Amino acid sequence: MAGKRKDKKGKTGCPTIKPKFNLQVPNFFTPAESQAFVKSVESLGFAHQGSLGPAYGEAYRDNDRVSMNDPDLAGAIWSGLNKLISDIKI
């Protein structure tokens, strides 16, 4: 089972993989919000994010990305998510 082995590699010689949590919220943004978001981000311009090659045990990555600091956007996203997950107890 992933992440439960005592050694760094499993019986197959592959590194163990830690489980990840993936939350998907279908239709979180309206179509108009999605289009506005894409248009806004594309206007900022994407920067190439490659690598010198994968580190041992990692997959090759080659993509473009954009990074921005927008407290209003972050607040709106977290406010919407809070409405969906506020009743979850951990």
Side-chain angles (χ1 to χ4, degrees):
M1 183 177 276
K4 295 218 177 208
R5 295 186 178 112
K6 292 181 181 177
D7 58 343
K8 288 195 173 210
K9 292 188 177 185
K11 294 177 183 174
T12 62
C14 297
T16 58
I17 300 171
K18 295 180 182 177
K20 294 181 181 180
F21 179 74
N22 183 359
L23 175 66
Q24 295 181 13
V25 184
N27 303 314
F28 181 76
F29 293 113
T30 66
E33 290 171 330
S34 296
Q35 289 174 349
F37 183 74
V38 169
K39 185 176 180 179
S40 174
V41 171
E42 286 179 340
S43 73
L44 295 173
F46 286 82
H48 180 72
Q49 181 62 42
S51 67
L52 299 175
Y56 178 75
E58 293 181 345
Y60 174 77
R61 293 178 181 220
D62 185 42
N63 58 292
D64 294 337
R65 70 178 181 185
V66 66
S67 179
M68 58 195 242
N69 184 357
D70 187 337
D72 293 333
L73 176 61
I77 292 171
W78 281 110
S79 175
L81 286 174
N82 190 45
K83 292 174 188 173
L84 293 172
I85 63 172
S86 62
D87 62 338
I88 296 175
K89 305 289 184 221
I90 297 177

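All residue numbers in this chain count up from 1 along the given sequence. None of the values given here were measured: they were computed from a predicted structure.
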Next item on the list: Please collect all side-chain hydrogen bond (donor to acceptor under 3.5 Å, both in side chains) contacts where either partner lies in residues 66-76, sequence neighbours excluded, each pair once.
Entry: none
Next item on the list: Answer yes or no: does atom CG of Asn63 have more than 12 heavy-atom neighbours from other residues, nucleotides or ligands under 6.0 Å?
Entry: yes
Next item on the list: Examine Ile85 and Phe29 and state if one hydrophobic cluster contains both, with Ile, Leu, Val, Met, Phe, Trp and Tyr joined whenever side-chain heavy atoms are less than 4.5 Å apart.
Entry: yes
Check: Of the non-hydrogen atoms in Ser43 and Ser40, which two are nearest, and what is the gap between them?
Finding: OG-O, 2.6 Å
Notebook entry, point to check: Distance from Phe28 atom CZ to Ile77 atom CD1, nearest 0.5 Å?
Noted result: 6.5 Å
Next item on the list: Could you list the residues that satisfy side-chain contact (heavy atoms from CB on, under 4.5 Å) with Asp87, not counting sequence neighbours?
Entry: none
Check: With Asp64, which residues qualify under side-chain hydrogen bond (donor to acceptor under 3.5 Å, both in side chains), at least two apart?
Finding: His48
Checklist line | Residues that Phe37 engages under side-chain contact (heavy atoms from CB on, under 4.5 Å), provided they are two or more places apart | finding: Val41, Leu73
Item checked: Results of side-chain hydrogen bond (donor to acceptor under 3.5 Å, both in side chains) for Thr30 - residues two or more places apart only -> Glu33
Next item on the list: Quick one: list whatever passes side-chain contact (heavy atoms from CB on, under 4.5 Å) with Gln24, sequence neighbours left out.
Entry: Asn22
